[in-house]
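The next block holds one structure in the form of structure tokens; read it before the comments.
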Amino acid sequence: MTISKNPKKIQELFDVIAEKYDFNNNIISLGLHKTIKFLSLKNLEIKNGAKILDECTGTGDITGLIKKINLDVEITGIDFSRNMLAGAKNKFPSVTFIQADCTNLPFDNETFDIITMTFGLRNIEDYNKALQETFRVLKSGGEFLHLDFGEKNFFSKIFDTLVPPLIKLFYGKNLPYAYLLESKKEFPTPDKLIEIFKSHGFKLKCRKDFLFGIISSQIMQKP
Ligand SMILES: C[S@@+](CC[C@H](N)C(=O)[O-])C[C@H]1O[C@@H](n2cnc3c(N)ncnc32)[C@H](O)[C@@H]1O
């Protein structure tokens, strides 16, 4: 099955699931997603006064976690789903959130010291355009953290088997989450992703895997 990542459809999908997004994330990750996000951020060099962009911010988890690590940063979250952003604004009123598309970032070249994108790129039809834009607005010497599902191994197959019944149990219907599993299947493995990032000019700083490789983070630098 080839899934549609038409931006309008993706935006609608997240607008629909926004209200239950955090709750469902806790269920399907068995409460671990925040810890994994936090640990992946620990590999970034977050200096005082840093200008940070969280792309595909959703309900803003990453912005909140970065503020926990260093309060003295200027952080902006962007997403194209109005309902996901409403959740983010509610949770983190002190953060700036902007409704925008990652394939057309409303920022000047070399604006940010750090850019993060967690569980986002997989949903973007033209992900090369999003990476081009990320590279453009990142300062030279800056870091880009990417985090998402990783290896397609024995453990990820267990995850894929457990998600639908868990979601059905707590959510009532599993329709939007069929998309999650399909998008996971099509998404490049971490090795392949690193090659794609390099083709946009990034250099690999480090890669860190979590939960037997089911989740993987890569920190890329702009030379
Ligand atoms: C799975 S959620 C991830 C949210 C958050 N980063 C997290 O880790 O929980 C993916 C988010 O990406 C957003 N998104 C997908 N494509 C986008 C695009 N082209 N521009 C902006 N946001 C996009 C969706 O609206 C959604 O909120």
Side-chain angles (χ1 to χ4, degrees), residues 3-41 44 52-68 75-92 95-107 114-134 136-137 144-150 159 163 167 171 176-184 186-187 210-211 214-218:
I3 50 168
S4 164
K5 290 191 188 170
N6 173 287
K8 200 165 177 308
K9 287 222 164 92
I10 297 293
Q11 195 176 354
E12 279 166 13
L13 184 146
F14 281 101
D15 274 339
V16 167
I17 65 173
E19 206 187 328
K20 299 233 171 166
Y21 180 79
D22 285 348
F23 179 74
N24 287 341
N25 255 357
N26 287 331
I27 299 298
I28 63 178
S29 72
L30 305 174
L32 291 172
H33 71 104
K34 278 226 181 116
T35 306
I36 292 170
K37 285 169 178 164
F38 185 74
L39 291 175
S40 68
L41 289 171
L44 284 170
I52 304 179
L53 174 67
D54 183 37
E55 296 191 69
C56 295
T57 193
T59 55
D61 276 355
I62 291 291
T63 66
L65 289 170
I66 289 177
K67 285 270 185 192
K68 268 195 188 153
I75 181 156
T76 305
I78 73 151
D79 200 288
F80 66 12
S81 159
R82 190 180 344 159
N83 293 352
M84 292 290 274
L85 283 180
K89 285 177 189 160
N90 198 27
K91 277 157 66 182
F92 307 109
V95 173
T96 304
F97 291 104
I98 298 175
Q99 190 176 15
D101 192 320
C102 294
T103 61
N104 186 16
L105 293 173
F107 306 108
I114 292 176
I115 300 181
T116 53
M117 195 194 288
T118 64
F119 301 96
L121 196 64
R122 181 170 36 82
N123 304 293
I124 302 181
E125 187 172 50
D126 192 353
Y127 65 77
N128 278 307
K129 185 76 175 72
L131 290 173
Q132 204 180 313
E133 281 290 87
T134 300
R136 180 181 68 76
V137 303
F144 168 51
L145 164 74
H146 176 260
L147 173 79
D148 209 321
F149 293 103
F159 173 89
V163 164
I167 290 296
Y171 191 50
Y177 281 84
Y179 163 79
L180 166 70
L181 297 183
E182 288 305 320
S183 67
K184 233 173 124 278
E186 288 181 1
F187 196 53
F210 303 93
L211 302 178
I214 296 181
I215 309 282
S216 179
S217 72
Q218 307 86 37

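Each ligand, and each atom within it, is numbered from 1 in the order the structure gives.
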_Quick one: does any side-chain atom of Gln99 pair with a main-chain N or O of Phe80 as donor and acceptor, under 3.5 Å?_
yes
*On the 0 to 90° scale, with breaks at 30° and 60°, tag the Phe14-Tyr21 ring pair as parallel, tilted or perpendicular.*
perpendicular
_Out of all atoms in ligand 1, which are within 4.0 Å of some heavy atom of Lys37? Include the element for each._
7 (C), 8 (O), 9 (O)
*Sub-4.0 Å heavy-atom approach of Ile62 to ligand 1*: no
*Under 3.5 Å between some N or O of ligand 1 and some N or O of Phe14?*
no
*Any non-hydrogen atom of Ala100 lying under 4.0 Å from ligand 1?*
yes
*Under the 3.5 angstrom rule, does the side chain of Asp15 hit a backbone N or O of Arg82 as a donor-acceptor pair?*
yes
*For Phe119, counting its heavy atoms only, list the atoms of ligand 1 lying under 4.0 Å from any of them.*
1 (C), 2 (S), 3 (C), 8 (O), 10 (C)
*Looking only at heavy atoms, is any part of Leu147 under 4.0 Å from ligand 1, and if so is it the side chain, the backbone, or both, or is it neither?*
neither
*So, are Asp61 and Lys91 salt-bridged, with charged N and O less than 4.0 Å apart?*
yes
*Element-labelled atoms of ligand 1 that are located less than 4.0 Å from some non-hydrogen atom of Thr118*: 3 (C), 5 (C), 6 (N), 7 (C), 8 (O)
*Identify the protein heavy atom lying closest to atom 20 (N) of ligand 1, giving its residue, its atom name and the separation to 0.1 Å.*
Cys102 N, 2.9 Å
*Give the residue, atom name and distance (to 0.1 Å) of the protein heavy atom nearest atom 22 (N) of ligand 1.*
Phe80 N, 3.2 Å
*In the protein, which heavy atom is nearest to atom 19 (N) of ligand 1, and how far is it?*
Asp101 OD1, 3.0 Å
*Any N or O on Asp79 sitting closer than 3.5 Å to an N or O of ligand 1?*
yes
*Work out whether the distance between some heavy atom of Glu55 and some atom of ligand 1 is less than 4.0 Å.*
no
*Please report which non-hydrogen protein atom sits nearest to atom 12 (O) of ligand 1, along with the residue it belongs to and the distance in Å to one decimal place.*
Cys56 CB, 3.2 Å
*Under a 4.0 Å N-O cut-off, is there an ion pair linking Glu133 with Arg136?*
yes
*Would you say the side-chain atoms of Asp54 and Thr116 include a donor-acceptor pair closer than 3.5 Å?*
yes
*By number and element, which atoms of ligand 1 are closer than 4.0 Å to a non-hydrogen atom of Gly58?*
4 (C), 27 (O)
_I'd like to know if the side chain of Asn26 reaches the main chain of Phe23, judged simply by a donor and an acceptor atom lying under 3.5 Å from each other, with no hydrogens or angles considered._
no
*Going by the order shown, which atoms of ligand 1 are within less than 4.0 Å of some heavy atom of Ser81?*
25 (O)
*asked:* Under 3.5 Å between any N/O of Tyr21 and any N/O of ligand 1: does that happen in this structure?
replied: yes
*Which atoms of ligand 1 are found less than 4.0 Å from any heavy atom of Met84?*
27 (O)
*Scan side-chain atoms only and decide if Ser183 and Lys5 contain a donor-acceptor pair under the 3.5 Å cut-off.*
no
*Between Gly77 and Val95, which heavy-atom pair has the shortest distance, and what is it?*
N-CG1, 4.4 Å
*Kindly identify the option in Thr57, Thr59, Leu13 whose heavy atom sits closest to atom 5 (C) of ligand 1.*
Thr57
*Looking only at side chains, do Asp126 and Thr103 share a donor and an acceptor under 3.5 Å apart?*
no
*Step through the shown structure and confirm whether more than 12 heavy atoms of other residues, nucleotides or ligands are within 6.0 Å of CD on Glu12.*
yes
